[in-house]
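Beneath this line is the structure, given in structure tokens, with notes to follow.
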Amino acid sequence: MEDSARYAPYPPSPPPRNTGRVSTLLFTLLALLMIMVAPYLAEQIQFALTRGELRAKAEAAAADLGELEKNAELVKLSDTSRAFRDVAQVVSPSVVHIDTEQVGRVRGSQSVFDEWGFGGPSRERIYRAVGQGSGIVVDTAGYVVTNYHVVQDANRVTVKLTDGRAINDVKLVGYDVYTDLAVLKINASNLVAAKWGDSGDLEVGDWVLAVGNPYGLDRTVTSGILSAKERRTLDENNAYQDFLQTDAAVNPGNSGGPLLNVKGEVIGITTAIVGRSYQGISFAIPSTIAQRVYDELIKRGRVARGYLGVGLQEVTADIAQQLKLGDTHGVLVTGVQKGSPAEQAGIEAGDVIVEWDSKKVSDPGDLRLQVAGAKIGAKLPVKLIRDGKPMTISVTVGEREG
């Protein structure tokens, strides 16, 4: 009995579970998940690879530009081509393509025909308009500078990056009608910001490069020289003109793109051409204005401008002779608004303003720009000529509304 108890068999094992079917099901689910996720992962990997390649090229080009700048006295014609190539690579990751769509309703007399061919007047119809332009990333937080007319009244804005990403999460931070500038905020990471330069350092004849998307041709680079500064005759209705004029080729779609110096710095925002297509003349908003407007829009959502409250007229040769002025330097005050800073300071119609804050005044546009850029509330000296006698008065700068 002891032996039989010691060697008694174990109770029978339960039948094995169907583990093969469970494994197959898990494998199938994982395969389906990979099929769904793989395209997204592949796309993100491609974006990352493109960004990495662009960033590496930009960093190498920036270093090369630094070497050229150190050895400026040795620069030859071949080095000019090298500098242009470096500038294109430095700024390429920062230039964006902007697509816009505007949908709305408009009243009109267009007839609408039904399925039987009977027509009737239509009081309202739906329209859809699409547009495109350029922009430049100026902060890795996602801030993009462009022209206001590129995004004006748009219902949808899409920003396309150099690495292939299309960003639909776009916010209009603010805009300034007077300078035709706007700031967008895009929800994107791994951005490369362009550097601001000082357009005040430019001289007529300096090399400049324009980058943008003319006719949808992404990141087209053109070069030219600075043809003129302080152009103020492009639009008589715009009181804040101070354009850089260049002969760099610019066409529809370039609007909002950067104008660059040979260091790869943004010294202007391309904004206009003469005519419907390039004819050898293009205009850009100088960085001294664009950067100030950008900073104000980021901080306040609007631009604060100085206000004087006077009507102005150019001093012609006849006016100079009539008022017994030595030359046509300065601007004639044709009227003073009631309660304005000018009236409070004692400026009168018939005065000729020749200096604002110790800076000479050449024409009405010049004075408007100087007043607009003045600090609100500042007390500034104004030199003028009244009845042939020079005098200086103090003006407290007001703030222009609207």
Notebook entry, point to check: Going from CD1 on I376 to CZ on R400, what distance comes out if it is rounded to the nearest 0.5 angstrom?
Noted result: 11.5 Å
Item checked: D366 side-chain N/O to S362 backbone N/O, donor-acceptor pair under 3.5 Å -> yes
Next item on the list: Take V382 and I353 through the side chain to side chain contact (heavy atoms under 4.5 Å, CB included) test and state the conclusion after the steps.
Entry: CA-CA 7 Å; V382 176; I353 299 177; 3.8 Å; yes
Note to self: If you define the side chain from C-beta out and look only at heavy atoms, does anything of L325 sit under 4.5 Å from I385?
What the structure shows: yes
Checklist line | Shortest non-hydrogen separation from A188 to L161 and the atoms involved | finding: CB-CD1, 4.3 Å
Checklist line | Test ring-ring contact (aromatic ring centres under 6.0 Å, His included) applied to W196 - qualifying residues, sequence neighbours left out | finding: none
Margin query: Are the side chains of V170 and V151 in contact, using a 4.5 Å heavy-atom criterion?
Written below: no
Notebook entry, point to check: Does a side-chain heavy-atom distance below 4.5 Å link T162 with R219?
Noted result: yes
Notebook entry, point to check: If you measure only the distance, is there a donor-acceptor pair under 3.5 Å linking the side chains of N254 and T270?
Noted result: no
Note to self: Using the rule given for salt bridge (Lys or Arg N to Asp or Glu O under 4.0 Å), can you reason through D176 versus R305, listing the C-alpha separation, both sets of side-chain angles and the distance that settles it, and then say yes or no?
What the structure shows: CA-CA 11 Å; D176 181 48; R305 286 193 171 85; 2.4 Å; yes
Next item on the list: Taking the side chain as every heavy atom from C-beta outward, state whether I225 and D206 have any pair of such atoms under 4.5 Å apart.
Entry: no
Check: Minimum heavy-atom separation for S94 to A193, with atom names?
Finding: OG-C, 3.6 Å
Check: Does one side chain, of D295 or Q291, offer a donor that lies under 3.5 Å from an acceptor on the other?
Finding: no
Checklist line | Pair S134, H97: side-chain N/O donor-acceptor within cut-off below 3.5 Å | finding: no
Margin query: Is it the case that atom OH in Y307 sees more than 12 heavy atoms from other parts of the structure closer than 6.0 Å?
Written below: yes
Checklist line | Atom CG of D387 with >12 non-hydrogen neighbours under 6.0 angstrom | finding: no
Notebook entry, point to check: Between L217 and T220, is a side chain to side chain contact (heavy atoms under 4.5 Å, CB included) present by the stated rule, with each step listed?
Noted result: CA-CA 6 Å; L217 302 172; T220 296; 3.6 Å; yes
Item checked: Distance, nearest 0.5 Å, that separates OG1 of T246 from CG of L209 -> 10.0 Å
Next item on the list: Using a 4.5 Å cut-off on heavy atoms from C-beta on, say whether the side chain of F283 contacts that of L244.
Entry: no
Check: From D201 CG over to E265 CD, what is the distance, rounded to the nearest 0.5 angstrom?
Finding: 8.5 Å
Item checked: Donor-acceptor pair, side chain of S287 and main chain of S199, under 3.5 angstrom -> yes
Next item on the list: Check whether any side-chain heavy atom of L384 lies under 4.5 Å from a side-chain heavy atom of I347, and answer yes or no.
Entry: yes
Note to self: Contact between I269 and N147 at the side-chain level, heavy atoms closer than 4.5 Å - yes or no?
What the structure shows: yes
Item checked: Electrostatic pair E343-K338, nearest N-O below 4.0 angstrom -> no
Counting only pairs under 3.5 Å, give me each side-chain donor-acceptor contact of residues 310-321, with atom names and distances, residues two or more places apart or in other chains.
from: T316; atom 1: OG1; to: I319; atom 2: N; distance (Å): 3.3

Next item on the list: Could you tell me whether a side-chain N or O of N213 sits under 3.5 Å from a main-chain N or O of V96, the two making a donor and an acceptor?
Entry: yes
Item checked: V371 to L308 - nearest heavy-atom pair and separation -> CG1-N, 3.9 Å
Next item on the list: Could you tell me which non-hydrogen atom of A345 sits nearest to which non-hydrogen atom of S394, and how far apart they are?
Entry: CB-O, 3.4 Å
Note to self: When you measure from the side chain of S92 to the backbone of Q89, do you find a donor-acceptor pair of N or O atoms at a distance under 3.5 Å?
What the structure shows: no
Next item on the list: Begin with the C-alpha distance, continue with both residues' side-chain angles, and end with the deciding distance and a verdict on side chain to side chain contact (heavy atoms under 4.5 Å, CB included) for I285 and L181.
Entry: CA-CA 9 Å; I285 303 162; L181 288 169; 3.6 Å; yes
Next item on the list: State the CG-CD distance between L380 and E355, to the nearest 0.5 angstrom.
Entry: 12.5 Å
Checklist line | Inter-residue atom distance I393.CD1 - Q344.CD, 0.5 Å rounding | finding: 11.5 Å
Check: Judged by modelled atom types alone, do R156 and T158 share a side-chain donor-acceptor pair under 3.5 Å?
Finding: yes
Next item on the list: For the pair D139 and K185, find out whether any cationic side-chain nitrogen is under 4.0 Å from an anionic carboxylate oxygen.
Entry: no
Margin query: I'd like to know if the side chain of S282 and the backbone of A248 have a donor-acceptor N/O pair within less than 3.5 Å.
Written below: yes
Next item on the list: Taking the side chain as every heavy atom from C-beta outward, state whether T146 and I136 have any pair of such atoms under 4.5 Å apart.
Entry: no
Item checked: Nearest atoms (heavy-atom pairs only) where D351 meets G346 -> OD2-O, 4.5 Å
Item checked: Point-to-point distance, once rounded to the nearest 0.5 Å, from CG of D180 to OG1 of T271 -> 4.0 Å
Notebook entry, point to check: Between E296 and R302, is there a salt bridge with N-O shorter than 4.0 Å?
Noted result: no
Checklist line | Minimum heavy-atom distance I273-P252, with the two atoms named | finding: CD1-CD, 4.2 Å
Checklist line | Criterion salt bridge (Lys or Arg N to Asp or Glu O under 4.0 Å) on R128 and E101, from CA distance to verdict | finding: CA-CA 7 Å; R128 176 178 177 270; E101 180 182 66; 2.4 Å; yes
Check: Between N155 and V103, is there a donor-acceptor pair closer than 3.5 Å when you use the side chain of the first and the backbone of the second?
Finding: yes
Notebook entry, point to check: Can you check whether Q370's main-chain N or O pairs, donor with acceptor, with K359's side chain at less than 3.5 Å?
Noted result: no
Next item on the list: Indicate yes or no for a side-chain donor-acceptor contact from Y278 to the backbone of D247 under 3.5 Å, with no hydrogens or angles considered.
Entry: yes
Notebook entry, point to check: Is the backbone N or O of V130 less than 3.5 Å from a side-chain atom of T100, with the two atoms forming a donor-acceptor pair by type?
Noted result: no
Next item on the list: Test V354 against V361 for side chain to side chain contact (heavy atoms under 4.5 Å, CB included), laying out the working first.
Entry: CA-CA 5 Å; V354 293; V361 174; 6.0 Å; no
Check: In terms of side-chain geometry, is the basic nitrogen of R165 or D163 positioned less than 4.0 Å from the acidic oxygen of its partner?
Finding: yes
